[in-house]
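Residue numbering restarts at 1 for every chain, and letters A, B, ... go by the order of the sequence lines.
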Protein chains: 8
Amino acid sequence: MNRLRFKNQSLDSTDETLITVLAKNARISTAELARTVGLSAPSVAERIRRLEDVGVIRGYTVDIDPAALGFAITAWLRVRPLPGQLKKVAEMLANTPDFVECDRITGDDCFIAKAHVRSMQDLEVLIDRLLVYATTNTSVVQSSPFEARLPPLRAI
Amino acid sequence: MNRLRFKNQSLDSTDETLITVLAKNARISTAELARTVGLSAPSVAERIRRLEDVGVIRGYTVDIDPAALGFAITAWLRVRPLPGQLKKVAEMLANTPDFVECDRITGDDCFIAKAHVRSMQDLEVLIDRLLVYATTNTSVVQSSPFEARLPPLRAI
Amino acid sequence: MNRLRFKNQSLDSTDETLITVLAKNARISTAELARTVGLSAPSVAERIRRLEDVGVIRGYTVDIDPAALGFAITAWLRVRPLPGQLKKVAEMLANTPDFVECDRITGDDCFIAKAHVRSMQDLEVLIDRLLVYATTNTSVVQSSPFEARLPPLRAI
Amino acid sequence: MNRLRFKNQSLDSTDETLITVLAKNARISTAELARTVGLSAPSVAERIRRLEDVGVIRGYTVDIDPAALGFAITAWLRVRPLPGQLKKVAEMLANTPDFVECDRITGDDCFIAKAHVRSMQDLEVLIDRLLVYATTNTSVVQSSPFEARLPPLRAI
Amino acid sequence: MNRLRFKNQSLDSTDETLITVLAKNARISTAELARTVGLSAPSVAERIRRLEDVGVIRGYTVDIDPAALGFAITAWLRVRPLPGQLKKVAEMLANTPDFVECDRITGDDCFIAKAHVRSMQDLEVLIDRLLVYATTNTSVVQSSPFEARLPPLRAI
Amino acid sequence: MNRLRFKNQSLDSTDETLITVLAKNARISTAELARTVGLSAPSVAERIRRLEDVGVIRGYTVDIDPAALGFAITAWLRVRPLPGQLKKVAEMLANTPDFVECDRITGDDCFIAKAHVRSMQDLEVLIDRLLVYATTNTSVVQSSPFEARLPPLRAI
Amino acid sequence: MNRLRFKNQSLDSTDETLITVLAKNARISTAELARTVGLSAPSVAERIRRLEDVGVIRGYTVDIDPAALGFAITAWLRVRPLPGQLKKVAEMLANTPDFVECDRITGDDCFIAKAHVRSMQDLEVLIDRLLVYATTNTSVVQSSPFEARLPPLRAI
Amino acid sequence: MNRLRFKNQSLDSTDETLITVLAKNARISTAELARTVGLSAPSVAERIRRLEDVGVIRGYTVDIDPAALGFAITAWLRVRPLPGQLKKVAEMLANTPDFVECDRITGDDCFIAKAHVRSMQDLEVLIDRLLVYATTNTSVVQSSPFEARLPPLRAI
């Protein structure tokens, strides 16, 4: 029940500030966070616990730069399973660590998946393994108009 | 120069463990992190600083559940600017907070962008604003074979 | 023979009024209908019987709001049977109650079918069952410029 | 509030029977309907009023056979407005009586509309008027695996 | 009225033989034609006049081999007019003698037109003139499974 | 050798007139034809024999109106054989009399074929037989900007 | 006239050997070439001059490895000019040195062009300049089943 | 190691002149080449050897005109292997001498291959052999905005 609490309303401005600060530096101490929003530390801790409880905050994570690890190329694949291979393809996508994001989407009813690879040769190996169970359409990322970011925290 | 250090090699297994632990809980204390990998806290702090310096770790962030905020629908849009509207469209995508991720890709040379919206009506408003400067193709997310995750930390 | 009577001519204005009134409220009493068009009840009953006999009026039905029953999403599917699965697919479409309308059409020679579903998850289940025998392309309804209505009753 | 009553539950079996009978013959008298379901007429009238109040029953209408009126051809058009013509095209579709059904859909973000016409010549006139403000893709109906029908009245 | 005489029935076997013989050699004399079908010449002349009157036979023509005149390449063009250029494009197609056949068709609502040209250079000139008013898609003929022929003369 | 005579030159103006007259009425008598072009009958006969010998004139045929025989609908099909079914499909097209014209073309490397049918039902039967061995895309003819005609007889 | 000499015949086996040897090392001395084919040097020189005269040999060139010059990415672009921009686009392609090969082709009637670029960023710059006058579709080369080679020198 | 020498820098202007001269006439003598660039012959020989060693110059070859050998038609094929036929198709392309250039590319993840053929009939034979293992899309070359040329030798 609690989980639905925010469904039809947006966060208040303090919640919003807390999340915005955590989004920029999730390793900030609660004390510092408290100073930023002008509340006591226990009160901030309570608010954060509540945001976690209702499922707004799912966790805290680290942001890795694939390029710094030698992944020179990012590609988007649309993957359309051959008849009867739907589950197999979903499993392959889940079990191939090069894919970092994946959705099943409407339209030609396929998967769209993002991969980081070291070279065009590695990309081809990735595609060739899928081609036994699916048809694929691959696009290489040229640039990004903006970095991945949080959804809007309040209704507009 | 330092930034290229990891380009042609992967991380050692301690680096990998540190990142994996931080990926699951970026708010873990350095002391606890040290216990996990069996090193001293200063040594762990030094390693993390180095991973930040070389650009492998770009930052620490919070993971928000769009559904918990009432964003019932996730959609992927392929957006192809009309002649002469390339910059305008890139700016619109960057300035519209509903879009949380966006890449310019090869193929039909368009943008691919992910949006969280509260309803089909909100999605239509989003599309209608783009249609003045671009043609669009929209797909709605049905499910996800796996959650977004880190790229592989070591060569396979 | 009678059935062809209206084929090359349109209805007269009284017929047209009768149908228009019945289209808005098919449960209107014959007496009230008679008052509306300024004829006697037997004469109205006779006209209606004739419109039924020649096949212009096929019946009287109830208009249900799928949203009121919890069908939050309406989708259009283009369904293209795999080789040899034409009959099987036609049967599946006919036997799946979620589909409320279906035509076989020219173009890529497929079926186009409209479905009401409770959620994206239910839509995916629907698609997955078809994917064993067909390829599919799914579009979700965003809005409707007008409600379903009768064809024009008189030549323009 | 009332209107949401059926949202997360399905109808009971008596409601279902009432609607099914009305779907086959909306002009049935309340007395006869009462006999069919084995309830008193006032009780049936009460149930129907409630189904109307909560919005499950939107109305009662007449089913016209377009072929009996000389509409020899049924066509589906996908209509994609030219830049800046979105509203104009939606209005044209709404104001052209040959179109009996229309939805704005995801995918190539266009309208899908059904038309009844007397001949291929009439279909061409219809298309030509749209082509000033939109691109179109037209498919002619060959057959229908089943007649338009109600959505499922109870959860499966 | 006469013109509709054959609409819902096929030709008798003598009519069919006459047309088949004329299709192979339209310059055959009436006398010879009479001998072939075992009727008197006046009777054959009468039958032919009737077939012309009801519009089954539209005329007699000569069959030219484009290759013998140096037209080395046959191409099919799908021609889609730019907005507002529908009439202009139809006129261009009609006024360009290289096009020997042309239909306006459903689907992407374009013209399909057949052209005989002497070379790929001539084909390009043809296309370039259309590209000012239309988009085009061109296919070159590789071979023909059969020569152009009459429609079936009797119901099957 | 003779057959190549016209390859790199066009016809002279008398040849052109002869063919143009025969194209309009192939059953014209040689005497009348001679009068039209102002030559003796033997000289006209000689010229025609030569045009036949070099292959410019392939024959004389009759022009049938499919609509007068009850073929209400003309359709273009693009037919793409399934793997291994190329010959089978070419044979089916050749052996199905409803198809009156057919070419194998570049592009998606399929057949394009024209059919005259009595109704949408007959068209569907035609398509269904092909669908076992091929995928098809069907377009219905709406109108024709001009009637089928001869290629240009002289270089422009 | 001479230029057409080889049109309908293939080269003799000595010509073929000469060309094959030159294809592998165009800087070979005539003396060494003569030893290879077992003829006198003047006789070899004479044959080569003849192959040049008839246009079979157009010239001798150097084979550069784009990767060795830092061109990390090879891409194929299909470029479709906007209405009225055909000449402009052909000029842009000719005047942009990154494009090393280009053909105007049938199908969607566009240009296909091959480019060597140093990075995805450079590729994007290339595309952006074209997008003002054309729509583009870009594919990145993953690998090559074989290196570019001569056409067959003799009929098979 | 040496091979990477030019990777991040371009050639000096003398290297560039040498390659440009060789590109126009690879059979030029070293003496003449030396005169052109105003260096001694040994110094030119040394530079050329170095350009070969680092892999910039891969070799010297002959430029053949396919048209002079009777190859009247040039075609581009996009070849998409059927499931499981990826290797087979790559081998077929490599072993068919009519194909003179071939790349595996992103997009619909197919091969793009260039063929020189003597006639449309030969092209069809080529396609038919591929169709057993792949789907194909063929485009015929109409013209070329420029001849194949070297990549840019210096950064712009």
To the nearest 0.5 Å, what is the distance between [atom1] ([X]) and [atom2] ([Y])?
{"X": "H/Ser139", "Y": "G/Asp103", "atom1": "OG", "atom2": "CG", "answer": "10.5 Å"}
{"X": "G/Thr96", "Y": "H/Phe146", "atom1": "OG1", "atom2": "CZ", "answer": "8.5 Å"}
{"X": "H/Thr138", "Y": "G/Ile105", "atom1": "OG1", "atom2": "CD1", "answer": "10.5 Å"}
{"X": "H/Tyr60", "Y": "G/Asp63", "atom1": "OH", "atom2": "CG", "answer": "10.0 Å"}

Relative to chain H, which segment of [X] carries a heavy atom at a distance below 4.5 Å: side chain, backbone, both, or neither?
{"X": "G/Asp109", "answer": "side chain"}
{"X": "G/Ile112", "answer": "side chain"}
{"X": "G/Thr20", "answer": "neither"}
{"X": "G/Thr74", "answer": "neither"}

Between H/Lys114, H/Glu91, H/Gln142, which shows the greatest number of heavy-atom pairs under 4.5 Å with chain G? H/Gln142
Hey, does the side chain of H/Arg104 reach the backbone of G/Ser144 with a donor-acceptor pair shorter than 3.5 angstrom?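 No, the answer is negative, given that no donor and acceptor are paired below the 3.5 Å cut-off.
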Heavy-atom contact with chain G under 4.5 Å, split by part of H/Phe99: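 Both parts, heavy atoms under 4.5 Å.
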Is any side-chain N of the basic residue among H/Glu101 and G/Arg149 closer than 4.0 Å to the acidic one's carboxylate O?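 No, H/Glu101 and G/Arg149 are not salt-bridged.
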